[in-house]
Amino acid sequence: APLEEVDLPLFFGWFLLSSVQEKVRCTSMDFLKTLDTLEAFKKHLADFTGKAEKEVDLEQYFKPKGALHCTTKFCNYGKAEGAKEYAENPAVKALYGSAFELSLTALFVTPRTVGARVSLTDEQLQLWPADAEQSSSLPPGSRAHITLGCAEGVEPVQTGLDLLDILALQQDGQQGEPAEEMELGSLTYYGEGRWLLSLREPIGAPACFSSFYG
Ligand code: 2AM
């Protein structure tokens, strides 16, 4: 392929420093380990297994998806819509290679994915593409997340869609079903296997804004 077709990355994003990757992975493993022992979770087990009586080991159910990061723009080497415009955005150029601190404010689990919600600052929102939330009426940055794992056969792009789905329910005034006060925070059930843990203490995660070519 001509060089100009490959000079855009697979995606831009914030890449967590390795020390904090380990911390976030441990926190999410601890959460999954506890979640599948809760009576509230067992009551809705059929969401995951299709059968009420079966057990599920969530730590095995979700497969890790490589280095932890928060995608800003999926460029697909320039083939994705708006990729070139994003790469040429002055904020993207100016902040490329800079250090940031991401704030992880919730963990969420669905039968497809497990992820962490990232709450972006105004500065971080400069790097957020306008089209990320798609046709939803959710505010910019709503989709920001870190994929922590995916069920067998599920692609990581699903994690952000699962988060948007939960946030759209909240926006529609659906409070969800308060399920449990955990050490990490409050756990809410939104039906159809959708669980959200609002962290009592957000996790601060140092990260570098960069890109991935694969
Ligand atoms: P993720 O951000 O939810 O983890 C490489 O596939 C990376 O780009 C993954 O991190 C993936 O999901 C993200 N990604 C893949 N396809 C995408 C899309 N169409 N829109 C946004 N992000 C996408």
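The structure presented is a predicted model; accordingly, all values stated were derived computationally and were not measured. First listed ligand is number 1; within each ligand, the first listed atom is number 1.
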Just to confirm my output: which protein heavy-atom neighbour is closest to atom 13 (C) of ligand 1, and how far is it?
Thr71 OG1, 3.8 Å
Taking C-beta and beyond as the side chain, do Gln170 and Leu196 meet within less than 4.5 Å on heavy atoms?
yes
Atom 4 (O) of ligand 1: nearest protein contact (heavy atom, Å)
Thr147 OG1, 2.7 Å
Give the residue and atom name of whichever protein heavy atom lies nearest to atom 22 (N) of ligand 1, and the separation in Å to one decimal.
Phe74 CB, 3.5 Å
Applying a heavy-atom cut-off of 4.0 Å, say which part of His69 lies close to ligand 1: side chain, backbone, both or neither.
side chain
Got a donor-acceptor contact below 3.5 angstrom from the Thr72 side chain to the Phe12 backbone?
yes
Salt-bridge contact Asp131-Lys73 (side-chain N to carboxylate O under 4.0 Å)
yes
Sorted by chain and residue number, the side-chain contact (heavy atoms from CB on, under 4.5 Å) partners of Asp165 (sequence neighbours excluded) come out as Arg194
Between His145 and ligand 1, which part of the residue brings a heavy atom under 4.0 Å of the ligand: side chain, backbone, both or neither?
side chain
Test of understanding: given a 4.0 Å heavy-atom threshold, classify the contact between Arg143 and ligand 1 as side chain, backbone, both, or neither.
side chain
Taking 4.0 angstrom as the limit and counting only heavy atoms of Phe11, give me the atoms of ligand 1 inside it, by number and element.
5 (C), 7 (C), 8 (O)
Ring-ring centroid check Tyr189 His44, cutoff 6.0 Å
yes
Is the closest side-chain heavy-atom distance between Thr105 and Val118 below 4.5 Å?
no
Considering only non-hydrogen protein atoms, determine which one is nearest to atom 18 (C) of ligand 1 and report residue, atom name and distance to 0.1 Å.
Val157 CG2, 3.4 Å
